Every structure is written in C-alpha cells, then in structure tokens.
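Here the structure comes first, spelled out in structure tokens, and everything after it is commentary.
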Amino acid sequence: MKKDIQPVKITIDGQEVLVKPELTILQAARQNGIPIPTLCHHPALSERGGCRMCVVEVDGAPRLAASCVTPVRDGMQVVTVNERIVETRRIILEFLFAERNHNCMFCPQSGDCELQDLAYELQMDHLTVPQSFHEFPVDITSDTIGLDHNRCILCGRCVRACEEISGCYVLNFQNRGPDTLIGFDLNAMREDSACTSCGACLQVCPTGALYNRYRAHYAVKGHPKDLQTIQTVCPLCGLLCPTVSTVRDNHLLKIDGVIPAGDGQPEGGQLCHAGRFEVLKNSGRRLLHPMVKKADGSWAETSWESALDLTVDRLNTVRDAQGGNAVVGLISSLSSNEEIISFRDLMVKGWETGQIETLENSGFQNIYRIRQDKGPAFKEVSWKKIAEADFILALGAVTRDRQPVVGSMIRKRIIRDNVRSAGIGPGDFLYPYRTHHIQVKNGDELLLIKAVLSEAIKVMKKTAPAPGTGKISEQTEPVRVKDIVKRLQLDAKAESALDEIIRDYVDSANPLIVVGEDVAAQKDLSGLRDLMNLALLKGLYGNDRLRLIVLKPDGNSMGAYKLLHLSDEKKRAPAIPKGGLILLEQDPFQDKVNLKAPGDLDFLAVISPYWPDGLADSAHVLIPKPLWMEADGTCTGLDGCEIAFRPKMLDAPDGINPSWQTLMALAARADIHLGYGSWDELRQKAQREIQPDGPVEKRR
Amino acid sequence: MKKPKLATVWCEACAGCHMSFLDLDEALVDILSRVELTVSPITDFKDYAFPQVDVGIVEGGVGNKENREVIEHLRQQCRFLIAWGDCAVFGGINTLRNWLPKDDVLRCAYVKTAGTVNGIIPAHEDIPQLLDKVLPVNAVVAVDGYIPGCPPAPEALAYCLKELLAGRLPVLPADMIHFD
C-alpha cells in the first residue's frame, strides 16, 4: 500500500476492519471472511449492481445499499445480516423464480446453479408471489451455445463477459421491462450473429440460461463435488490459455477458462471456440490396434512387435538401398516437445534422414530465416504485449481461425483504450473496429510494407532519427507509395488510408505489428526483410524484442521450429523420399487440412490416434497412439518464452502405448542409442534442450 | 391426552410424496403412535367429507375443480395446513401445461397422441373439469408450512410433524430444503 493512501476503518457486523479505501463493501467483507450472497457480481467482471442480492444496511439508513457498488468510507457501520436484510433478499429471489420458468430438470442433480444454491441458502421454501407462466423463446440455432431465455434472470453477466472478456460486444439487453431479453446483435439468432463462440458467456452464467450444447448431459453427470477437475493449458494454438477440465469416469465433460478466485486482477477465463468446444468433438474413428496392409491392399490387425519390427526393417531397407536422405519424417506440430525430440532423434540417428518436417506445411519459418541470416537473432514480442501497444498493424493476420484470442485482445485494446489500428490483407477481421483496412490479396501485403517503410524512413529522418538500437539494413531501393497504389490498383480511399497508416506508425510510441502466418511464410525475403526493418524503425521493445508478433499455425509450432530447424542435430540434404514415418496428433479434421502425403513411397508407417483417412492409401503400417489429452507433455508458447506442461487428462484406450514409448521401442529395434530410455530421462533431456527465449510475460 | 388427528390428501401429483412418507420405515411406528392418521390415500378412506383434524397435509398442485374443492374443504376442517412436495409448494412438474392453453393440452392428451384414432376429449358431469392453470396450494388457500422436494425427504416430513407436536409452526432449516 502506498504511503499517501491511508486504509479506512469500517465496522462490518460488529467487527472492525481496516481496508483499502478503493474497495467496495462487498470486497471488504469477503476479504475479511464475511459472506454476502451475490448473483450479478462475478470476480472476472465489472460490477453492475443489478440484482440487489448483496444488499446491506449502512449506518442504519432506511434504504438498503447494494454492497457490490457501494464504496467503503471511514467510520462506516455495515450490517450484512438481520431479519430485514434476509427477508429483502428472499423476496428478490422469489421475484426471480416467479418471473420465468425455473422448474429446471438439470440443476437439482448437477448442483451447477447459483440461483438454486441461493434459494437453499436463504431458505426459500415457497413463493409468496404468483408465477408468471409466460413463455420465452429458446435459441438452439448454434451447435455450441444454447440460450434458454426461460432460465435467464437478466443478471447481465454474459453481456459484460462478451464485452470485457472476449471484446465481442455481441450480447446485450433488448426490449424493456418484463419483455427484456438477452439478445445477439440486433435481435439475431445465435447462428446468424457475429458471435465467435468463445463461450465466455456460458462460463459465467449463474443459471442454465446459456449452456454448452456439446456434452449438455454433463449436467446429469453428478454434483460438482463428484467430478474431477484438472488444471492444465490449452495446447491448440500456442497461446497456452490456462484451462480447467472437468472429467468423470474417463470422460471429458467440459473445459472452462481459469477465473482467479478472489478479487485480484482477473484475466477472465477467456478461451476460444476451439479450446472450449472443438476439443469435446471427437470426430473420427480411433485407431485401436497396430495395423498392417496385406498384399491385396486390405488392412489386418497385427501385434505391436510385428508392426514395430516391420517398420524398422523396411526403413532400414530404404536407407541401405537409397541412402538415409531418402527417408522422410513428418510430425504434427501439435505434438509435445518430448514427442518431437524423440521423433527427431530416432529419424536422425536411426536412418540418417534428410528431412524432418512438420505437417502444418505453412512455411511461417521464412521470417526467421532473415533473423538467422542478417543481423542479430532478435526475439519477437509476446502477444500478451498487445495490451500495451498504442498502434497495432495487422498483416494478413486472420486470427479468427487460428488464434481468436489474439484477435479479441486487439479488439479490446482498440475499443476500450481507443488505440488506432490498421489491417492489411485479404480478410478484414477487425471490422468494424479498426481505424483502417486495406484490402489486398494474399501476397501483396509486403509490397505495401515496402512503401510504408520507404515513406516512414523519409518522414522520420526529417523529424527524428530512429531511436532504436537495432541496425536497419538498407532497403534495396525506395518504393514510392504512388507506384504501389498504381501497381495494386488501389482506390483513393485505400491510398489515403495508407498515408494515415504511415503517419500513425511514425507518430506512435509503442507500435506492434501482428504478422499472420500467411505473410510470415511468403517467399519474398526482401519483403520480409523490409517488414523487420519497419519494426526496427521504432526501436526494440524492451532490450531485445522485435516489434513483431508472428502468428503460427499450430499449437506447438514454435517448439517444433526450435527443435527441428534450430537444433544441432545433423541432417543431410533431402533426396526424393522413398520411405517415411509420420506422427499425427489430434483429430483428423486438424491434421488432414495440412496434410500432403509424400507421394508414392516404398514404405510408409503412420503413428496416429485416429484412422488416418487421407494417408491410409499410401501407408503400409498404422500404429496407434494416445490423443494429446491422454498423455503428458510440454509445449512451447507462441512467443517462445512460455513452456507449459499439460498433464494427461484421460486414460488412453486399453493397449495403446504412449508415442514416446513407441518411438523408443523403434529405436531399440533399430539398435540405436537415443541417450534416454524412460519418460523421466526424456523429460530431463527436453528440459535441458528447450531454452525459453525470455521470461514468461504476465497475462493481462 | 387425545392423539392429534392427521389427514393427507393427494391432488394433482404422482403420489411420490406419499411413497416418501412410507419411506420413514420404522420411524412411522413412532409417528403413528403419537398421531391418528384419518383420511389419507394410505388408509384408503374414500369419504372426502372430512372430520375436523389438527393437521392437513397436501400432496399435489391444484389442477382441477375437485382438487380445489378438496383443498378448500380441508382448509376449513384443519388447524394447520402443510403444502408437501414441489407440486403443492410451487406447482411442480404439472406446471409444464401452464405454458399452453388448456384446450391444446386436452387435445394433445386425448386426440393428437400417436396411438389415438378418432379420439375425443372426455366430458361428463362426474369428471372434474381441468382448471386453466395448475396452481400451488398457497395460491388457493392459506398455507401454514412448506416442505418442498421432489420427492420431499422423509426426514423433512418427520421434522415438521415433530415441530407441530411440540407446538411450533415448522420452518425447514436450510440444509433440509431441497427441490429435487
């Protein structure tokens, strides 16, 4: 506590407490262990003071005060419980129950309803007011989020969550009085609205009005006290959002964001639709036994031993006949660091392979090639710093699909803090909040960047030298805005937008450039170099960070890049592949998109949790593995700084070995020494090898 | 001292509350040694012209004219009236039909069901007419005590009877209130 801010002394239920003056009565009471019931209050959200459940008596005043919005004052006398207060709260509760249909079939069994908890707590054993029996609509147009207005108590938590946690501003109140409803957009159905399905609303809903349509039956899976919860991180896109998974009887029932208890600075429990819902959607047929392709092309079950033996024998044959560089290894970049390390070591040491690639097939690493070739090896800024930027330039970055939370952070920064922003690319994903958007087709973003750079150098030289410590390599030749405008056939509006983007960038003190994976993957290295120069023009962020945030295609893309491309393990020049080993992860719907089967191979073995539809034709051996949620592992965050351990949540189906075990068994058969023989040794190896790029940034 | 008299009635409900009453098991012996159970679905008295009783207990919501007459009569004949179970306290599962017009409900049950051919809605002076809406007991007559629950716990009823025998109006403690 600062010296100049004196604590105030208040009395709550006869107990004198010293509290910070900026607190509300509710916060002061809860900090001191004095319970006050609430409904519209939520630790991750701003206060509304709407439900009046938290009323208390202040200084004996005739009118009760809502403690969640009443600040403390020195000498205040607060009473939280007496007959009048409890009666008032109970009457409020009765009104809520009487207004809509709360004869709910789920809550009594699941206990997952704050309204019901309060009814018990306040001994609401009957209603003294008549029930309305008015019917309200139900919106189940979405397959993720259901909205049953009959269960809604209009506490507005979802409205605030949509605004404050996800920055979507899709939910709000509509109509007036008893007709008031929570509405998407302007009275749209959920499916037709701009909702991004992040699910923040259903996590904060105190009743069952907004509910998860995947596994809605979790409600009848038992009382929360019977369920197991596992704190972990979401490994899907590299942001490593902390999650709480609810599990019962080896079934994943739901995934929630982490909302810190108490009244600390909340991070709100934000997740995206992929992290909250897609994971529950187990599409695809699980691969449960090792399979081998018979001569007639059909598949037969086989034993682990024979599948592993066959794989080693056939890959040895390819290496002996064609050389190791004809053996290709492909691994999903959703795999854990431990899987990537053991896969790489097996391929390099076992078959002297020439090629280990990730499946994402995006080439976002191009941008790092420049970092490696020219100048110091800069590190990029953590995406968490978007919350501090005063100008955000998004290039091609369509974050809605891959990293929706990054898009949401940018939106929040724009809307809440009036930060100027611009998008350049094929998709206007910040519409309508961004200051400018210039529509260009994919691949042309960097042409505009060249023009921005030339102009910015000109302007800044006039006004001030680049304050950064980084060296700007010469732009090959200055590019004039006019030429680019003409070449890309931009209209006058886009031209003036470009002028303003240049001015905004030059005038900003702390700009950040968000680079979509499609831009980072562009083959035009001079364009990427100019992008880096543009970032350098405003100096480094902190001591060593380039003002770039490079979005990457998959959950552990950064880990895979570091372990496969930056590692010291010797690889030989690739030849035309004749044999291969592929390690898949996750659902086919993820991997299939990125998968390019490496043509006709003499031999291909696939290690996969699901039946690999796209590969089954060219494969010869299929070996099952657990899903990521069925195995321990670490993954490296988008910024390369955070390395998170995600514990196993579920047991794998019987008879399926962890993939590290499979890879080690292959190594043993190929008679090679990986240098580790157990999970613990592999983890130690991973810990030694994976060095974070810097300290983990705090989330905001 | 004469034993206090008890009457229980079964209006629009599933009889689950009375099942729960029987679930008191050996505690029943103790309770029945202290009170006299008069009219009740358990004793199977058919005569609804009640005698005067001390405690009347209602299972079920008020859904038809007969229910209403029974409840009004019971209210006159008893000193303390207890609403027992979610149907009597809140209206319960029967209120499902309160969101629909009465005619739709009858047509749905007697005409539109999949297995019905040429169905007709039964109408006879002996058949009590359905009310427009199912109501909780306290929407029709004054109620002295409430035991919610579907079904209410046997212990909750035992607790209330003991409170009444001790001369107190029963109010369930928070940990005994349950809607399921």
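Just so it is clear, the model here is predicted, and its values are computed rather than measured. In what follows, chains are A, B, ... by sequence order, proteins preceding strands, each numbered from 1. Values below: every heavy atom of this structure, side chains too, minus hydrogens, waters and symmetry copies.
- Within 6.0 Å of CD1 on A:Ile140 lie no more than 12 heavy atoms contributed by other residues, nucleotides or ligands.
- Proximity to chain B (any heavy atom under 4.5 Å) is shown, for A:Asp125, by both the backbone and the side chain.
- When heavy atoms are compared at a cutoff of 4.5 Å, A:Glu121 approaches chain B solely by way of its backbone atoms N, CA, C and O.
- The CG atom of B:Leu96 sits 7.5 Å away from the CG atom of A:Asn101 when rounded to the nearest 0.5 Å.
- If you measure heavy-atom distances from B:Val134 to chain A, the contacts under 4.5 Å come from the backbone alone.
- Only the side chain of B:Asn138 comes within less than 4.5 Å of a heavy atom in chain A; its backbone stays farther off.
- Shown here is A:Leu186, whose CG atom has no more than 12 heavy atoms of other residues, nucleotides or ligands within 6.0 Å.
- Within a 6.0 Å radius of OH in B:Tyr110, other residues, nucleotides and ligands contribute 12 heavy atoms or fewer.
- Among all heavy-atom pairs drawn from B:Val171 and A:Gln123, the shortest one is CG1-NE2, 4.2 Å.
- Within 6.0 Å of atom CG in B:Asp126, more than 12 heavy atoms from other residues, nucleotides or ligands are found, so the atom counts as buried in its surroundings.
- One distance of note links CG of A:Asn103 with CG of B:Asp86; it measures 8.0 Å at 0.5 Å rounding.
- Of all the listed residues (B:Leu172, B:Ile177, B:Ile93, B:Asp175), the one sharing the greatest number of non-hydrogen pairs under 4.5 Å with chain A is B:Ile177.
- The environment of B:Lys102 atom NZ is dense: over 12 non-hydrogen atoms of other residues, nucleotides or ligands sit within 6.0 angstrom.
- The two atoms that bring A:Met124 and B:Phe179 nearest to each other are O-CZ, 3.6 Å, heavy atoms only.
- Nearest approach of A:Tyr120 to B:His178, heavy atoms of both residues: OH-ND1, 3.3 Å.
- Residues A:His126 and B:Phe90 share a closest heavy-atom pair of CA-CE2, 3.8 Å.
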